[in-house]
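Counting from 1, the numbers follow the sequence of the chain as shown.
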Amino acid sequence: MSQTAESLYARIRQEVAARADRLWEVSLALHRDPETAYEEHRAAGLLAGELEQEGFEVQRGAAGLPTAFTARTGSAGSTREGPSVALLMEYDALPLLGHACGHNLIAAAGLGAALAMRAALGEVEGTLLAVGTPAEERGGGKVAEVAAGLFEGVDAALMFHPGVHDWTWAPLTASAQVRVGFHGRAAHPTGSPTEGIDALGALIQLFNTLGVLSRRLPLGSHVQGIVTEGGRATNLVPAYAEGLFGLRGETTSALEHLVEEVRSCARGVALATRTEVEVTDVGGRYEHFRDNEVLSALFAGHLDRAGIRLSEPTAGVYLGSSDIGNVSTRVPAIHPWIAILGPEASDHTPEFAEAAAGPRARRVMTAAAEALACTAADVLLRPDVREQAWTRLGEKAAAGR
């Protein structure tokens with residue numbers, strides 16, 4: 001690495017350090033005031049305001065989402081010419097648990113990286129985007145942003161996620177939700193039992209059928225369901241019953257196959273029980289995450305300077321699903337996992353929410369901001385990085401991975 005590059009990295013670290021107190025204040029403000037999916041009005045306003053104050057051109061309501069935004073700076077202005085890198089910020093919270101996924105840290109680190117990059121580079125050659133991405137926990141703001149073309153022309157999409165492992169990338173599966181509704185015929189279960197067609201019985205049979213299906217699903221695939229409508233009285237055969245099912249697949253193609261299997265099972269149950277069935281998608285589908293090793297290696301190297309060493313994920317362990325997958329299948333992307341608790345713990349718990357406002361979280365947030373900004377500088381200033389990252393994305397796409 002040249003002395004010029006090392007000097008730039010040192011300047012970036014200085015700029016993050018100079019803003020560390022303010023970034024932590026922003027993180028704590030988000031933590032104290034959690035807002036759930038599509039309701040993150042105060043969070044989006046706070047983050048967009050911070051970027052605007054430091055000279056970014058901010059567009060609120062990006063992709064038709066009131067709590068999404070983009071903040072742009074660079075020599076390309078509003079055009080898509082030249083290299084471009086996007087720093088992603090999540091800031092939605094979980095119902096009842098607040099920031100038990102640590103999105104306050106993701107937002108603050110992305111903010112810090114964007115501000116430090118602009119200050120260190122001055123007039124950025126190309127385009128630096130800071131992107132506010134709402135509703136990762138439910139609905140998928142990035143799904144809408146991808147569909148709106150927000151990432152067209154972007155050479156890299158960068159973010160990190162707090163967790164209980166120090167991993168170079170996150171094994172994230174593809175996911176979808178489907179609603180299955182069975183229509184039967186109401187009747188009195190004693191007075192006219194032969195007249196009824198039990199919709200709830202059909203739904204229960206579907207659960208049993210999917211239980212058999214689950215035993216032969218490949219690694220990374222599963223089905224989990226709940227009953228959302230099962231009747232109102234025990235002295236009435238339910239005419240309608242409904243279940244909501246979460247499906248996951250190791251890859252997007254595996255998920256598509258699983259969705260069709262569930263539809264086939266539902267149709268078979270309906271035929272056997274003389275009910276009618278409707279299977280509908282709920283929300284957008286999350287694609288599997290496609291890690292870009294070129295960019296992940298750069299990020300890990302920069303993070304190592306802060307004393308945090310990342311390793312490869314444990315084989316066969318999956319961390320859930322995220323709408324970053326929909327970005328990563330179209331643009332070179334990273335989603336490293338950095339621990340704020342030990343591996344015996346779990347996110348989506350009150351303990352993790354508490355840790356997301358603790359001293360270890362502050363150190364992780366600052367280190368991640370530095371590493372993200374340095375990686376963004378590599379993308380903007382080194383044509384070989386961009387070329388290699390796009391080549392790797394193409395190789396993985398061709399292999400279906």
Does a side-chain heavy-atom distance below 4.5 Å link [X] with [Y]?
X      : Y      : result
Val178 : Thr280 : no
Leu298 : Val385 : yes
Leu128 : Val85  : yes
His165 : Pro343 : yes
Leu150 : Val131 : yes
Thr133 : Glu145 : yes
Leu129 : Phe151 : no
Phe182 : Val269 : yes

Do you know the tightest heavy-atom contact between [X] and [Y]?
X      : Y      : result
Thr275 : Gly184 : CG2-CA, 4.3 Å
Gly49  : Arg60  : N-NH2, 3.9 Å
Glu250 : Tyr318 : OE2-OH, 2.8 Å
Ala367 : Ala306 : CB-CB, 3.6 Å
Pro238 : Gly230 : CG-O, 3.7 Å
Met365 : Ala20  : CE-O, 4.3 Å

Is it true that Glu136 and Ser322 share a donor-acceptor pair across their side chains at a distance under 3.5 Å? yes

Would you check if there is a donor-acceptor pair between the side chains of Tyr38 and Glu40 at a distance under 3.5 Å? no

Any Lys/Arg nitrogen of [X] or [Y] sitting under 4.0 Å from an Asp/Glu carboxylate oxygen of the other?
X      : Y      : value
Glu287 : Lys142 : no
Glu50  : Arg22  : yes
Arg42  : Glu39  : no
Glu54  : Arg19  : yes
Asp281 : Arg263 : yes

Spacing of [atom1] belonging to [X] relative to [atom2] belonging to [Y], to within rounding of 0.5 Å:
X      : Y      : atom1 : atom2 : result
Ile12  : Glu370 : CD1   : CD    : 9.5 Å
Leu255 : Arg285 : CG    : CZ    : 5.5 Å
Leu94  : Arg138 : CG    : CZ    : 11.0 Å
Leu28  : Asp33  : CG    : CG    : 12.5 Å
Leu8   : Arg13  : CG    : CZ    : 9.5 Å
Leu303 : Leu310 : CG    : CG    : 5.0 Å

Is there a side-chain contact (heavy atoms from CB on, under 4.5 Å) between Arg362 and Asp21 once you walk through the steps? CA-CA 9 Å; Arg362 174 171 176 153; Asp21 288 344; 2.6 Å; yes

Any donor-acceptor N/O pair, [X] side chain to [Y] backbone, under 3.5 Å:
X      : Y      : answer
Arg392 : Glu293 : no
Asp347 : Val164 : no
Asp166 : Ala339 : yes
Glu90  : Pro134 : no
Glu354 : Phe352 : no
Asn326 : Val143 : no
Ser264 : Glu260 : no
Thr173 : Gly320 : yes
Thr252 : His288 : yes
Ser328 : Arg290 : yes

Run the numbers on Asp155 and Val331 for side-chain contact (heavy atoms from CB on, under 4.5 Å), then give the verdict. CA-CA 6 Å; Asp155 292 296; Val331 174; over 6 Å; no

Sort out for me which residue in Leu88, Leu295, Val294 forms a side-chain contact (heavy atoms from CB on, under 4.5 Å) with Ile334. Leu295

Over 60° means perpendicular and under 30° means parallel, so tell me whether [X] and [Y] are parallel, tilted or perpendicular.
X      : Y      : value
His302 : Tyr9   : perpendicular
His103 : His99  : tilted
Phe207 : Phe245 : tilted

Under the criterion side-chain hydrogen bond (donor to acceptor under 3.5 Å, both in side chains), I'd like the reasoning laid out for Asp92 against Thr36: C-alpha separation, chi angles, the key distance, then a yes or no. CA-CA 5 Å; Asp92 62 320; Thr36 54; over 6 Å; no

Evaluate whether atom CG of Leu96 has more than 12 neighbouring non-hydrogen atoms of other residues, nucleotides or ligands under 6.0 angstrom away.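 Result for CG/Leu96: open.
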
Is the count of non-hydrogen atoms from other residues, nucleotides or ligands lying under 6.0 Å from Gln224 atom CD greater than 12?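 Count not over threshold, so no.
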
For side-chain contact (heavy atoms from CB on, under 4.5 Å), just list the numbers for Phe69 and Leu47, CA-CA rounded to whole Å, side-chain angles, deciding distance to a tenth of an Å, and then say yes or no. CA-CA 9 Å; Phe69 65 86; Leu47 295 164; 3.8 Å; yes

Test Ser296 against every option in Asp291, Thr375, Thr168 by the side chain to side chain donor-acceptor pair (under 3.5 Å) rule and name the one that passes.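 Going through Asp291, Thr375, Thr168 one by one, the side chain to side chain donor-acceptor pair (under 3.5 Å) with Ser296 is satisfied by Asp291 alone.
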
Before you tell me yes or no, could you show the steps for Trp337 and His161 under ring-ring contact (aromatic ring centres under 6.0 Å, His included), namely the whole-Å CA-CA distance, both residues' side-chain angles and the distance that decides it to 0.1 Å? CA-CA 5 Å; Trp337 214 256; His161 203 295; 4.4 Å; yes

Would Ile204 and Leu200 count as a side-chain contact (heavy atoms from CB on, under 4.5 Å) if you check the C-alpha gap in whole Å, the side-chain angles of each, and the deciding distance to 0.1 Å? CA-CA 6 Å; Ile204 292 171; Leu200 178 59; 4.0 Å; yes

